[in-house]
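What follows is a single structure, and I will ask about it in a moment.
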Amino acid sequence: MPEGATLRSTKPAGDVTELDALVIGAGFAGLYQLLCLRDRLGMKVRVVEAGDGVGGTWYWNRYPGARCDSESHSYSYYFSKELLEEWEWSERYPQHPEIVRYLNFVADKFELKRDIQFGTRVTAARYDAEANKWNVETATGDRFRVTYLITAVGCLSTTNTPKFPGLDSFKGDWYHTGQWPHDGVDLTGKRVGQIGTGSTGIQAAPVIAAQAKHLTIFQRTANYSVPANNHPLSAEFKKEVRDNHEEIRKVIQSTPNGHPFRISERNVFDVGDEERAEIYEEFWKVGGLRFRASFQDIVSNKEANDTAAEFIKNKIRSVVKDPKTAALLTDIDHPYSTKRPPIDTGYFETFNRDNVDLVDVKSAPIKAITPKGVLLENGEEYELDIIVCATGFDAMTGPLLNIDIQGRDGLALRDVWAAGPQTYLGLQVAGFPNMFTITGPGSPSVLCNMPVAIEQHVEWITDCVSDLREKGIATIETTTESMEKWITHVNEAANATLMPFAKHTWYFGANVPGKPRVFMPYAGGMTRYRLICKNVAENGYEGFKLSDAEDGSALPFLPAGDFTLAATVPGPGV
Ligand code: N01
C-alpha cells in the first residue's frame, strides 16, 4: 500500500452498494468523469480512491522539485468557462502543491467530494453476465454492484522500484519519488544518492542538491533536457489567458500533442545551417516542450533529429564545466524526444556544484544496496544516508493489472494482456462489457498534454453512456477483431515516428523486467485520434457490439473502419 493512505471502510462487511457507475481514481480523470455522469446524466455514481485526497498521480508524486511539464494555462480543465475565469495559475509550470490546490478547488466548486470514497483501494472487479453488472471489491471489504465500471487509474501511478539485492539491508532511508512521504524528507546535512535521470530525476536533482550535504546521481542512460524557463506569470499574461480562453481551447484541442502552441510546418532542411542554428537558439530561449515545435520533422526524420540532438548536446557541453561529466551527460543513445523529453530548471548546472557527483551505472551497473549505500559491479561503493529512487513507473498497464479484473466467463484482464495490452481505441477490451479505461493503453494519453486527453475520453464515454441509456442498449463491448485492427494502427503510428529507435523506454514497457515489449501509447496524434473516436460514435459505435436492454439480443454490428494513417487524416503524430 502506498505510504500515506489510510484505508477505511464505510460499509459493514456484507453490504453491497448498488450504483449506476463506479469510477476508480480521483485524479483529473475521475473528478471530471464523476461530474459528467452525476450532474449531466443524473446517474448514481461513486468514485473510489486509494489516497486520502484528490489528485491521483499528483497525490503521490510530491518529491522535491515536482512540477508539471505542461504550461499551467493548458494544464487545466477547459469544460467550464466559470472555472477558467475563477482559477489563476501563478507560474508557467506549476509546482505540485499548486496543482493539488487546483484539483481541490475543482472538487469543492462542483461538490464532488461527497461522492468520493477516499482511503479505499479497489482490489477486484468481476462481471456478472446474467445480471449485466460489475461486482467490485475493495481492500477494506466494501462491495459495489454497478452497471458501468470506469477506470481513471492514471498511466503513471504504479511505481517501479528495481529489485536491488539488499535494499532492505540499507541502514539509511530510501524513498521512491512516486511515493514521497507527505510530511516531506529533511535532506539537510545528508549524503543523498539519486538513482534515475528521467523527467522526475531531472526535476528533483537541483532541488535535492540545494538541500543535501552531498548528492550522488547514478545515471544509467544519459538524457536530453531543455530549460523550462519557468517564471511567475505576469499580470499581462494572466489577462491574456483570461481574455482568450476560447482561442487557447481551440489550439490545445487541435494540436497533435494537446499543448498550447502549434508545431512549425517547416522541416529541418528547409533552412540552411546558420538559420537553423538561430531558430534552435530562439526556441531554446522560449524553453520547455516548445523546443520540439521548432521544426515539423524532428520526431520523424533521423537526420533532422540529429541536428536537434547535437544542438542540445552542445548546450550541455557549454554548461557543464568538468569535461568527463559533460562527456557522460552527452553520451545519449537515443534520438531526441523518443523518450519523453524532460524539461528542467538548472539540471545541468547542478553538476557544477561542489557537492554533486555523477556516477555512470551503465558501464558499471548497480550490483546491490548494502547497509552503507550503493555497490556497483566494479566494486565501487558509495556511502549514503538517503537513497532516492527516481526509477519511474510500471506505466499504463500496471495500475489496471494491480486490480483483479475479470470479464465474461471469468476472463482475466491479466490473461488477455499477457503478451501486452490490447484495447480498442484505448477505451475498451473485448470480453469486458460496459467497462471503459480512461487514457488506457492504445490511446494518446502520455503523448498528449494529459488533461486534454482526459477531457476527450471522459466526454466520449459520457456521450456513449448517455446514448446507451437513451436508446435502451444494455451493453457495449468491443471485439477481438476491432482490437487487432486498432493495435495494427497503433503500431503503424509509432513506426511513422522515431520512437522505435528507443526500444528501452517505458513506452515499450522495457523498464520493468519481464513486461512484454509493446509500444503502448497511440502516437498518431490527438487531433487524428479525436476525429477517429468521433466518427466511431457517429457511425453507430463501429467496432463495438451492442445488445438490447429489453431481451439482451445482439443489435446489428458494424465492424471497425479503416485505421491506416492514410485513411485517418489529419497528421502528423506527436
Ligand atoms: O521515470 P523514467 P520518471 N539502475 O522511467 C533509471 C512523467 N513525468 O519518473 O533510462 C539504474 O522516465 C532509468 O534509467 P534507464 C513523464 O511522462 C511527468 O523520470 O532505464 N537506473 C531512468 O533514468 C515521464 O516520462 C512529469 O536506463 C535505473 C530512470 O530510472 C514519466 O513520468 C514530471 C534503474 C527512470 O526514468 C516517468 O518519468 C515527471 C536501475 N536498475 C515525470 N532502473 C510532469 O511534468 C531505472 N533506472 C507531469
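When a ligand or atom number is given, it counts from 1 through the structure's own listing order.
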Inset, instruction - Would you kindly specify which portion of P162 sits under 4.0 Å from ligand 1, judged on non-hydrogen atoms: side chain, backbone, both or neither? - result: side chain
Inset, instruction - Can you pull out the closest protein heavy atom to atom 36 (O) of ligand 1? Residue, atom name and distance to 0.1 Å, please. - result: G198 CA, 3.6 Å
Inset, instruction - Classify the ring geometry between Y280 and F311 as parallel (under 30°), tilted (30 to 60°) or perpendicular (over 60°). - result: tilted
Inset, instruction - Mark up the atoms of ligand 1 that fall under 4.0 Å of a heavy atom belonging to R67, in ascending order. - result: 44 (C), 45 (O)
Legend entry - Residue-ligand contact F164/ligand 1, heavy atom below 4.0 Å: yes
Inset, instruction - With heavy atoms under 4.0 Å as the rule, classify the contact between F218 and ligand 1 as side chain, backbone, both or neither. - result: neither
Inset, instruction - Report the nearest protein non-hydrogen atom to atom 1 (O) of ligand 1: residue, atom name, distance rounded to 0.1 Å. - result: G392 CA, 3.1 Å
Legend entry - Protein heavy-atom partner closest to atom 42 (C) of ligand 1 - residue, atom, separation in Å: T200 OG1, 3.4 Å
Legend entry - atom 26 (C) of ligand 1 - nearest protein heavy atom and its distance: R340 NH2, 3.7 Å
Inset, instruction - Answer with side chain, backbone, both or neither: which part of Y507 has a heavy atom less than 4.0 angstrom from an atom of ligand 1? - result: neither
Inset, instruction - Can you see which heavy atom on L34 is nearest to which on L112, and at what distance? - result: CD2-O, 3.5 Å
Legend entry - Results of ring pair (Phe, Tyr, Trp, His ring centres under 6.0 Å) for Y347 - residues two or more places apart only: F351
Legend entry - Heavy atom of the protein closest to atom 37 (C) of ligand 1 (residue, atom name, distance): W506 NE1, 3.7 Å
Legend entry - Donor + acceptor pair across side chains of N449, S70 (<3.5 Å): yes
Inset, instruction - Fit a plane to each ring of Y224 and H334, take the angle between them on a 0 to 90° scale, and name the class: parallel (under 30°), tilted (30 to 60°) or perpendicular (over 60°). - result: perpendicular
Legend entry - Side chain, backbone, both or neither: the part of Y75 lying under 4.0 Å from ligand 1 by heavy atom: neither
Legend entry - Worked check of salt bridge (charged side-chain N to carboxylate O under 4.0 Å, His left out) between E49 and R121: CA-CA 6 Å; E49 163 60 53; R121 183 172 289 277; over 6 Å; no
Inset, instruction - State whether the shortest distance between N or O atoms of R220 and N or O atoms of ligand 1 falls below 3.5 angstrom. - result: yes
Inset, instruction - Sort out for me which residue in D385, D357, N355 forms a side-chain hydrogen bond (donor to acceptor under 3.5 Å, both in side chains) with H214. - result: D357
Inset, instruction - For the residue pair Y507 and T338, confirm or rule out a side-chain donor-acceptor distance under 3.5 Å. - result: no
Legend entry - Residues E381 and T370: side-chain donor-acceptor under 3.5 angstrom: yes
Inset, instruction - Look at the rings of Y529 and H457 and say which category their plane angle falls in: under 30° parallel, 30 to 60° tilted, over 60° perpendicular. - result: tilted
Legend entry - T497 side chain to M499 backbone, donor-acceptor under 3.5 Å: yes
Inset, instruction - Would you mind listing which atoms of ligand 1 come within a distance below 4.0 Å of any non-hydrogen atom of Y63? - result: 33 (C), 39 (C)
Legend entry - ligand 1 to K339 polar contact by distance, N or O atoms, under 3.5 Å: yes
Inset, instruction - Please check if the side chain of T158 supplies one atom and the backbone of A395 the other of a donor-acceptor pair under 3.5 Å. - result: no
Inset, instruction - Check whether any heavy atom of L156 sits under 4.0 Å from an atom of ligand 1. - result: yes
Inset, instruction - Looking only at protein heavy atoms, identify the closest one to atom 48 (C) of ligand 1 and say how far it is in Å. - result: W58 CZ2, 3.7 Å
Inset, instruction - Would you check if Q219 and V359 make a side-chain contact, meaning some heavy-atom pair closer than 4.5 Å? - result: no
Inset, instruction - Report the nearest protein non-hydrogen atom to atom 45 (O) of ligand 1: residue, atom name, distance rounded to 0.1 Å. - result: D69 N, 2.6 Å
Legend entry - Ligand-side contact atoms (ligand 1) for residue partner T221, heavy atom cut-off under 4.0 Å: 10 (O), 15 (P), 27 (O)
Inset, instruction - Decide whether a cation-pi geometry holds between R62 and Y59; the criteria are a distance under 6.0 Å from NZ or CZ to the six-membered ring centre and an angle within 45° of the ring axis. - result: yes
Legend entry - Ligand-residue contact atoms, ligand 1 with S199, heavy atoms, under 4.0 Å: 19 (O), 24 (C), 25 (O), 39 (C), 42 (C)
Inset, instruction - Could you name the option among T505, D394, I195 that has the heavy atom nearest to atom 11 (C) of ligand 1? - result: I195
Inset, instruction - Enumerate the atoms of ligand 1 whose separation from the nearest heavy atom of C68 is less than 4.0 angstrom. - result: 45 (O)
Inset, instruction - List every atom of ligand 1 that sits less than 4.0 Å from any heavy atom of Q203, numbering the atoms from 1 in the order shown and giving each element. - result: 33 (C), 45 (O)
Inset, instruction - Could you check atom 22 (C) of ligand 1 against the protein and tell me its nearest heavy-atom contact, residue, atom and distance included? - result: T197 N, 3.9 Å
Inset, instruction - Select the closest option to atom 35 (C) of ligand 1 among P365, G196, A66, A390, judged by heavy-atom distance. - result: A390
